[in-house]
Protein chains: 2
Amino acid sequence: MKIIQNISAELLKADIKPSWQRIKIYEFLLNNNIHPTVDTVYKKLAKEIPTLSKTTVYNTLKLFEEHHLIKNVNIEENEIRYDAQNHIHGHFKCTQCGKIFDFKYNYKDLKYKGLDDFILNQTDVMIKGICKSCKEKNKSN
Amino acid sequence: MKIIQNISAELLKADIKPSWQRIKIYEFLLNNNIHPTVDTVYKKLAKEIPTLSKTTVYNTLKLFEEHHLIKNVNIEENEIRYDAQNHIHGHFKCTQCGKIFDFKYNYKDLKYKGLDDFILNQTDVMIKGICKSCKEKNKSN
DNA sequence: TTTCATAAATGTAATGATTACAAAATTAAA
DNA sequence: TTTAATTTTGTAATCATTACATTTATGAAA
Ligand SMILES: [Mn+2]
Ligand SMILES: [Mn+2]
Ligand SMILES: [Zn+2]
Ligand SMILES: [Zn+2]
């Protein structure tokens, strides 16, 4: 749980003016590693900030992304999710419960064929399957 | 370039009745490894099949996917692309020209941490960057 | 403090891809 | 041929995202 001073400072470091809405949105992402959609962020924060507009959430998340403060996670068609974690990691989506899990992988060992003389800027590893919890639920039926 | 007899047979093998539209759509995917969107498939085939409906393209591609005949490639938000290649490979999207390239990688060497007791059904590796051709174009400016 | 300019947030309308659905056309069986 | 089932088609509905004009907040100058 980061305090607001720190959040403000991190926004400034990314060249983003720390408005109240921006602070609360970034704080939400940092404290809830659930890779939320715009709608999820909006619904949660609208309780705290009744005047919040969904457009602000769209604009803010896009702004964060452009300033490389967060990344979008594109594991499922028809929904963009956001992630404030900045270490290298992959994403697993459980096709049963819909949850998204982080995982680590040995990215340094990855070798590519067919990309000679290409510039690689961003690598994403996505896996779909059934999470442990859903797997065990299924067993007990 | 596969002949229609073969395409028909492959559809049947996947438990899909080979209608004329389905044959032409699958043929298009096999002959054009460009990871097209629904709209691209539609526009190309509409010239040959003037009565073709975009809904048919949507339905057919979804049907193919459900029968594991093709995969969707989800490298860019706001557009679903399709791929009839069934060997394991990753996708590179050039953020300059928009083209999508296949590449091979050493998937057998990949190790994961955090997915113990998870069931892994499908792994996708996506990379964004600048392709060789665009890189060279940029140099000459 | 007031004035003014700039930036940010808001609300509504427009867009665009996808899906739902009912009607028409095709195919296969009887 | 008649009938039923499947497929295709066209249009309308949906839903996430974006565009845009208006309002609000912020901050510096006077
Ligand atoms: Mn993550
Ligand atoms: Mn491919
Ligand atoms: Zn699950
Ligand atoms: Zn390129």
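Below, each value reflects all heavy atoms present in this structure, side chains not excepted, and no hydrogens, waters or symmetry copies. Just so we're on the same page: letters track the sequence lines, and every chain starts at 1.
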Answer with yes or no whether the side chains of A/Asp102 and A/Asn33 bring together a donor and an acceptor at under 3.5 Å. yes
Specify the separation, in whole Å, of atom [atom1] of [X] and atom [atom2] of [N].
X: B/Ile49; N: D/dT7; atom1: CD1; atom2: P; value: 16 Å
X: B/Leu52; N: C/dA25; atom1: CG; atom2: C1'; value: 14 Å
X: B/Lys17; N: D/dT7; atom1: NZ; atom2: P; value: 5 Å
X: A/Tyr82; N: D/dA16; atom1: OH; atom2: P; value: 14 Å
X: B/Arg22; N: C/dT26; atom1: CZ; atom2: C1'; value: 12 Å
X: A/Lys24; N: C/dA9; atom1: NZ; atom2: C1'; value: 17 Å
X: B/Trp20; N: D/dT6; atom1: CH2; atom2: C1'; value: 19 Å
X: A/Arg81; N: D/dT17; atom1: CZ; atom2: C1'; value: 17 Å

Would you mind classifying the nucleic acid contact of A/Thr51 as base, sugar-phosphate or nothing, using non-hydrogen atoms under 4.0 angstrom? sugar-phosphate
Kindly state each residue pair satisfying salt bridge (Lys or Arg N to Asp or Glu O under 4.0 Å) with at least one member in residues 46-64 of chain B, sequence neighbours excluded. B/Lys24-B/Glu48, B/Asp39-B/Lys54
For the residue pair A/His89 and A/His35, categorise the inter-ring angle as parallel (less than 30°), tilted (30 to 60°) or perpendicular (more than 60°). tilted
Without swapping roles, check the side chain of [X] against the backbone of [Y] for a donor-acceptor pair under 3.5 Å.
X: B/Asn32; Y: B/Ile34; result: no
X: A/Asn106; Y: B/Lys111; result: yes
X: B/Thr60; Y: B/Val57; result: no
X: B/Thr95; Y: B/Gly129; result: yes

Applying ring-ring contact (aromatic ring centres under 6.0 Å, His included), run through A/Phe103 and B/Tyr112 and close with a yes or a no. CA-CA 7 Å; A/Phe103 63 84; B/Tyr112 309 111; 5.3 Å; yes
Five pairs per end, C1' atoms only: what is the angle between the end axes of the helix from C/dT1-D/dA30 to C/dA30-D/dT1, to 10 degrees? 10°
Nearest-nucleotide wise, let me know which of B/Pro50 and B/Ile16 is further upstream toward the 5' end of DNA chain D. B/Ile16
With respect to the side chain of B/Ser53, which nucleotide from D/dG10, D/dT7, D/dT8 is positioned closest? D/dG10
Would you mind building the protein contact string for nucleotides 16-23 of chain C? One character per nucleotide, 5' to 3', B for base within reach (heavy atoms under 4.0 Å), S for sugar-phosphate only, - for untouched. -SBBB---
Taking the six-membered ring for Trp, is the centroid-to-centroid distance between B/Phe64 and B/Tyr82 below 6.0 Å? no
For B/Ser19 and D/dT8, is the shortest distance between a side-chain N/O and OP1 or OP2 below 4.0 Å? yes
Is there a side-chain contact between A/Gln21 and the phosphate of D/dA25, meaning an N or O under 4.0 Å from OP1 or OP2? no
